[in-house]
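Report on the structure given below.
In this chain, numbering begins with 1 at the start of the sequence shown.
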Amino acid sequence: MMHAIIWPEGYIPGECDNFASNEVIVKGLSVAEVWPFLAIPARWPAYYANSSDIRFHDGEGEALTPQRRFFFRTFGFPVEAQVVECVPPEPGQPARLAWHGWAGEGATRLDVHHAWLLEDLPGGRLRILTQETQNGEPAKDLARARPNPMINGHQDWLVGLAEAARRAKRG
């Protein structure tokens, strides 16, 4: 059985202004090998060009942890974010990471729930799923855009994440 994203009220797919879902299944990587490339945001720009200016509000540590506040730029938005779910790798259960992010005010306000699920599958395979729901006028604009920038951008993130972990594994 493959697991699913846990959605908070107000961010359920189909009940929000925009939804993007991306997934890869790769062979030869584990959740434990990939997790540090996701949970340490300073590593994102090295494999995902659509992320920059990452910093933590408390100035301590480098990893995402429960309730941790951070900032980054993506898709042209300056995003304030707070981790709302953080389940590091444990044998037999998926790793989970999710944050609430926001940018802008009033008519330009964008609120997102961005969630990640990483799970080891039989046969030495790894599933990486990322899904994001969004609310606000910018979300409605993104939902109408073709090609869809969220789907394309997040696919780049997934592929880059797996490639970064694979490079590190090879040494």
Side-chain angles (χ1 to χ4, degrees), residues 3-23 31-32 34-90 93-119 127-143 148-158 160-162 164-165:
H3 293 84
I5 299 294
I6 300 167
W7 295 103
E9 196 64 38
Y11 293 91
I12 297 168
E15 296 178 7
C16 52
D17 294 324
N18 192 21
F19 172 65
S21 180
N22 295 77
E23 178 179 36
V31 172
V34 171
W35 180 258
F37 292 92
L38 179 60
I40 300 174
R43 293 182 170 179
W44 298 350
Y47 67 83
Y48 179 51
N50 195 20
S51 62
S52 66
D53 300 330
I54 297 159
R55 60 184 177 270
F56 289 103
H57 283 269
D58 61 17
E60 296 181 15
E62 62 179 7
L64 296 176
T65 55
Q67 302 307 310
R68 189 108 193 251
R69 285 275 312 274
F70 66 106
F71 172 90
F72 69 110
R73 291 185 189 279
T74 187
F75 294 100
F77 292 100
V79 178
E80 294 286 344
Q82 183 167 21
V83 176
V84 295
E85 183 181 28
C86 185
V87 180
E90 289 287 331
Q93 75 175 26
R96 296 175 177 276
L97 181 63
W99 57 80
H100 171 229
W102 62 94
E105 295 179 17
T108 66
R109 173 83 177 196
L110 176 68
D111 281 277
V112 307
H113 182 80
H114 192 145
W116 295 81
L117 186 143
L118 290 74
E119 63 183 318
R127 176 184 182 221
I128 307 171
L129 172 67
T130 190
Q131 295 182 328
E132 181 172 316
T133 54
Q134 304 174 332
N135 288 309
E137 289 304 316
K140 293 174 186 174
D141 293 340
L142 286 167
N148 186 304
M150 299 302 298
I151 296 291
N152 293 339
H154 288 167
Q155 195 66 27
D156 288 345
W157 201 342
L158 289 176
L161 175 61

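Residues meeting the ring-ring contact (aromatic ring centres under 6.0 Å, His included) test with Trp35, sequence neighbours left out: none. Every residue two or more places apart in sequence or in another chain was checked for a salt bridge (charged side-chain N to carboxylate O under 4.0 Å, His left out) with Asp17, and none qualifies. For Glu80, the side chain to side chain donor-acceptor pair (under 3.5 Å) partners two or more places apart in sequence, or in a different chain, are His57, Arg69. For Gln93, the side chain to side chain donor-acceptor pair (under 3.5 Å) test picks out no residue, with sequence neighbours left out. Considering only residues two or more places apart in sequence or on other chains, Asn50 meets the side chain to side chain contact (heavy atoms under 4.5 Å, CB included) condition with Tyr48, Thr74, Phe75. In this structure, Glu15 has no salt bridge (charged side-chain N to carboxylate O under 4.0 Å, His left out) partners at least two apart in sequence or on a different chain. Shown here are the side chain to side chain contact (heavy atoms under 4.5 Å, CB included) partners of Ala164, two or more places apart in sequence or in another chain: Phe37, Tyr47, Arg167. For His114, the side chain to side chain donor-acceptor pair (under 3.5 Å) partners at least two apart in sequence or on another chain are Trp116, Thr130, Glu132. Listed by chain and residue number, Leu29, Leu118, Leu126, Ile128, Leu161, Ala165 satisfy the side chain to side chain contact (heavy atoms under 4.5 Å, CB included) test with Val34 (two or more places apart in sequence, or in another chain). Judged as a side chain to side chain contact (heavy atoms under 4.5 Å, CB included), and not counting sequence neighbours, the contacts of Arg73 are Ser52, Asp53, Phe71, Pro78. Under the side chain to side chain donor-acceptor pair (under 3.5 Å) criterion, Asp156 pairs with no residue at all, not counting sequence neighbours.
Residue Gln134 comes nearest to Ala139 through the heavy atom pair CB-CB, 3.4 Å, listed as atom of the first residue, atom of the second, then distance.
Here salt bridge (charged side-chain N to carboxylate O under 4.0 Å, His left out) pairs that include residues 38-50, with residues two or more places apart or in two chains, number zero.
In the model, His100 has no side-chain atom that pairs as donor or acceptor with a side-chain atom of Gln82 under 3.5 Å.
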